[in-house]
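Note that the numbering runs from 1 along the sequence shown for the chain.
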Amino acid sequence: MVSTTHDRNLVVEKTVDLLDIPRSYYDRAVQRYESIGAWLHRPESKVAVFNPAVYSQGSFRLGTVIRPILPRDEYDLDIICEVQARSKADITQKELKDLVGEELRLYAKAHHIKPVKECPRCWRFNYADQVSFHIDTVPSVPEDEMVILNLIRVGVGTDLAQSAIAITCQSHEQYTVICSDWPSGNPSGYALWFERRFTERALSKRKLLLREGLYASVEAVPLYALKTPLQRAVQFLKRHRDVMFREAVDLKPVSIIITTLAALSYEGEDELYETLRGVLDRIPQHIQRSSPRIGNPVNPAEDFADRWKDKPELKEHFWLWYEAAIRDFDAIVSETSASQLQKLSESRLAARMPDETAKALLGTPTAKRATVVAPSIVIANPPKPWSNA
């Protein structure tokens, strides 16, 4: 029976274990973008002379990847190709994108991968071996000094601001001309900000992995290997979101909003149960009444919730999800029946908990499980306690 905080923590830990991916998947992702980087640096590469840096962004970098709901679904690996020896002053967005794209086409051909597809901001190609990835490569150049200084002036730390980049986008009005007004991003700065939300926990985890002989130094331990309570809390929340909106994907809260709000709401809790409890309690405190409602911590002028203005249904469904997340989290950690815990895990998180695990957690016999389907989203006349938020 779940009766203590310790018991509840074991339940939520084992539940999130069902959502996580093997470390080998992260390692394979690293191998793949390092392979692309090596290709771009080969002597024949037209990009090599400009010193390209290839690195990951998004959930693979942050260590918050979750298994797809369906086994046939692909993993998304988002990477940056930062052409470090070019600048917005000497190349157009189109020229940069075409330059990188030409080399990626050759890479795909040489590695027997499906032809590269051009997307508005990136080049996409698919691996189809033991682990199916589609890889989105975003061409970029270092952001100029004026942009970096402006970020510092509005309170972004110097070390965070200095990693800002300018990226390509086909829909940009000046895509084909030399200009200083490129879309801007800072995935490296965001990753550093995210990690600083759990600095002490990160250091202790790195030292543990070093003692276990898994890495050569503390500095060599990547962010994705830490599996701290905050990272695992984000995995829980993202998976709950995915299941709730699997039939309405256009309405689901985007991952960057969930990740940012969770990080802002984290206050250093040691255990996953306490982390999720605290994060869910504090999320509303970090959504502002005026723009930016959910500011980018490494670019405060950017509003991650900017689409809420033109599509208020996104705001409404964010709060519907938030209330459901609290309700379902409470149900999972309060359950006293092993068979009911299994049903909740399947219906709310699309995760099949083994009989042995459920029985060990709750100490009660398991029963044959019936198929349980999570309720569909109902939009008609929803309650709106958030209307003045």
Taking only Lys NZ, Arg NE, NH1 and NH2, and the carboxylate oxygens of Asp or Glu, determine whether Arg8 and Glu274 approach each other closer than 4.0 Å.
no
Row check, Trp193 ring normal vs Arg196 NZ/CZ: under 6.0 Å, within 45°:
no
Approximate separation, where rounding is to 0.5 Å, of Trp308 CH2 and Asp306 CG:
10.5 Å
Measure the shortest side-chain to side-chain distance between Ile332 and Phe236 over non-hydrogen atoms and say whether it is less than 4.5 angstrom.
yes
Do the side chains of Leu214 and Arg23 get nearer than 4.5 Å, heavy atoms only?
yes
Can you tell me if Arg61 and Ser188 form a side-chain donor-acceptor pair at under 3.5 Å?
yes
side-chain contact (heavy atoms from CB on, under 4.5 Å) evaluation trace for Leu344 with Glu335
CA-CA 9 Å; Leu344 282 170; Glu335 186 52 65; 3.9 Å; yes
Would you find more than 12 non-hydrogen atoms of other residues, nucleotides or ligands less than 6.0 Å from Lys227 atom NZ?
yes
With Lys252 as the cation and Trp321 as the aromatic partner, state whether NZ or CZ is under 6.0 Å from the six-membered ring centre and within 45° of the axis.
no
Quick one: is the NZ or CZ of Arg86 closer than 6.0 Å to the six-membered ring centre of Phe50, and within 45° of its axis?
yes
Residues Val116 and Ala108: closest non-hydrogen pair is CG2-CB, 3.9 Å
Before you tell me yes or no, could you show the steps for Tyr75 and Tyr25 under ring pair (Phe, Tyr, Trp, His ring centres under 6.0 Å), namely the whole-Å CA-CA distance, both residues' side-chain angles and the distance that decides it to 0.1 Å?
CA-CA 10 Å; Tyr75 290 94; Tyr25 285 24; 5.6 Å; yes
Criterion side-chain contact (heavy atoms from CB on, under 4.5 Å) on His240 and Leu237, from CA distance to verdict:
CA-CA 5 Å; His240 181 274; Leu237 296 174; 5.8 Å; no
Is there side-chain contact between Leu362 and Leu341, with heavy atoms separated by less than 4.5 Å?
yes
How far apart are the C-alpha atoms of Tyr26 and Phe60, what are their side-chain angles, what is the distance that settles it, and do they pass the ring pair (Phe, Tyr, Trp, His ring centres under 6.0 Å) test?
CA-CA 7 Å; Tyr26 283 106; Phe60 267 96; 5.6 Å; yes
Measure from the side-chain N and O atoms of Ser345 to the backbone N and O of Ala351, and report whether any donor-acceptor pair falls under 3.5 Å.
yes
Can you hop from Ile36 to Ile167 via hydrophobic side chains spaced under 4.5 Å?
no
Between Thr357 (side chain) and Met353 (backbone), is there a donor-acceptor pair under 3.5 Å?
no
Would you check, one step at a time, whether the test salt bridge (charged side-chain N to carboxylate O under 4.0 Å, His left out) holds for Lys359 with Asp355?
CA-CA 6 Å; Lys359 184 176 180 180; Asp355 291 349; over 6 Å; no
Counting distance only, does the side-chain N/O of Tyr266 pair as donor-acceptor with the main-chain N or O of Glu269 below 3.5 Å?
yes
Backbone of Val65 reached by a side-chain donor or acceptor of Gln235 within 3.5 Å:
yes
Is the closest basic N to carboxylate O distance between Glu103 and Lys46 below 4.0 Å?
no
Check this for me, if you would: do Lys88 and Glu143 make a salt bridge, where the nitrogen-to-carboxylate-oxygen distance has to be below 4.0 angstrom?
yes
So with a 6.0 Å cut-off around CD of Glu212, is the heavy-atom count from everything else above 12?
yes
Does some side-chain heavy atom of Ser87 sit less than 4.5 Å from a side-chain heavy atom of Val141?
no
Using side-chain heavy atoms (C-beta onward) and a distance below 4.5 Å, is Trp39 in contact with Leu106?
yes
Salt-bridged, Arg232 to Glu13, with N to O below 4.0 Å?
yes
Can you list the other members of the hydrophobic cluster that holds Ile148, where links are side-chain heavy atoms under 4.5 angstrom apart?
Ile152
Rounded distance [0.5 Å steps], CG in Leu264 versus CD1 in Ile283:
9.5 Å
Just to verify, what does Arg277 make a side chain to side chain donor-acceptor pair (under 3.5 Å) with, not counting sequence neighbours?
Asp330
Can you confirm whether Arg197 sits close enough to Leu230 that some side-chain heavy atom of one is under 4.5 Å from a side-chain heavy atom of the other?
yes
Arg307 atom CZ, neighbour heavy-atom count above 12 within 6.0 Å
no
Is the shortest side-chain N to carboxylate O distance from Lys238 to Asp242 below 4.0 Å?
no
Val54 reachable from Val49 in the ILVMFWY side-chain graph, under 4.5 Å edges
yes
Evaluate the side-chain contact (heavy atoms from CB on, under 4.5 Å) criterion for residues Ile135 and Thr137: first the C-alpha distance (whole Å), next the side-chain angles of each, then the deciding distance (0.1 Å), finally the verdict.
CA-CA 6 Å; Ile135 299 181; Thr137 305; 3.9 Å; yes
Step through the shown structure and confirm whether more than 12 heavy atoms of other residues, nucleotides or ligands are within 6.0 Å of CD on Glu44.
yes
Gap separating the CG atom of Leu361 from the OG1 atom of Thr15, nearest 0.5 angstrom:
7.0 Å
Output the distance between atom NZ (Lys109) and atom CG (Leu104), rounded to the nearest 0.5 Å.
15.0 Å
Do Trp123 and Val138 share a hydrophobic cluster, counting only Ile, Leu, Val, Met, Phe, Trp and Tyr and linking them when any side-chain heavy atoms are less than 4.5 Å apart?
no
Sub-3.5 Å donor-acceptor pair from the side chain of Glu271 to the main-chain atoms of Tyr273, do we have one?
no
Below 4.5 Å, heavy atoms only, C-beta onward: do Leu96 and Trp182 meet side chain to side chain?
yes
Heavy-atom donor-acceptor pair, Asn51 side chain to Gln84 backbone, under 3.5 Å:
no
Can you measure from OG1 (Thr64) to CG (Leu19) and round to the nearest 0.5 angstrom?
12.0 Å
As an exercise, state the distance from CD1 of Ile113 to CZ of Arg105, rounded to the nearest 0.5 Å.
14.5 Å
For side-chain contact (heavy atoms from CB on, under 4.5 Å), just list the numbers for Ile66 and Asp20, CA-CA rounded to whole Å, side-chain angles, deciding distance to a tenth of an Å, and then say yes or no.
CA-CA 5 Å; Ile66 51 178; Asp20 204 357; over 6 Å; no
For the backbone of Leu40 and the side chain of Ser45, can you confirm whether one donor and one acceptor N or O come within less than 3.5 Å of each other?
yes
Which heavy atom in Val218 sits nearest to a heavy atom in Lys207, and how many Å separate them?
CG2-CG, 4.3 Å
Strictly by modelled atom types, are Gln93 and Gln174 linked by a side-chain donor-acceptor pair under 3.5 Å?
no
Expected output: side-chain His317 to main-chain Leu251 donor-acceptor under 3.5 Å
no
For residues Gln231 and Thr228, report the shortest heavy-atom separation together with the two atoms involved.
OE1-N, 2.8 Å
With a 3.5 Å cut-off and no angle check, do the side chains of Gln342 and Ser339 form a donor-acceptor pair?
no
Are side-chain N/O atoms of Tyr190 and Thr259 paired as donor and acceptor at under 3.5 Å?
no
With a 3.5 Å distance limit and no angle check, can you tell me whether Lys97 reaches the backbone of Pro120 through a side-chain donor-acceptor pair?
yes
Are any non-hydrogen side-chain atoms of Asn299 and Val156 less than 4.5 angstrom apart?
no
Test item: Arg124 side-chain N/O and Lys117 main-chain N/O as donor-acceptor pair under 3.5 Å:
no
State, without any angle test, whether Ser255 and Arg241 hold a side-chain donor-acceptor pair at a distance under 3.5 Å.
yes
Would you mind checking if Arg121 and Asp136 are paired as a salt bridge, meaning a charged N to carboxylate O distance below 4.0 Å?
no
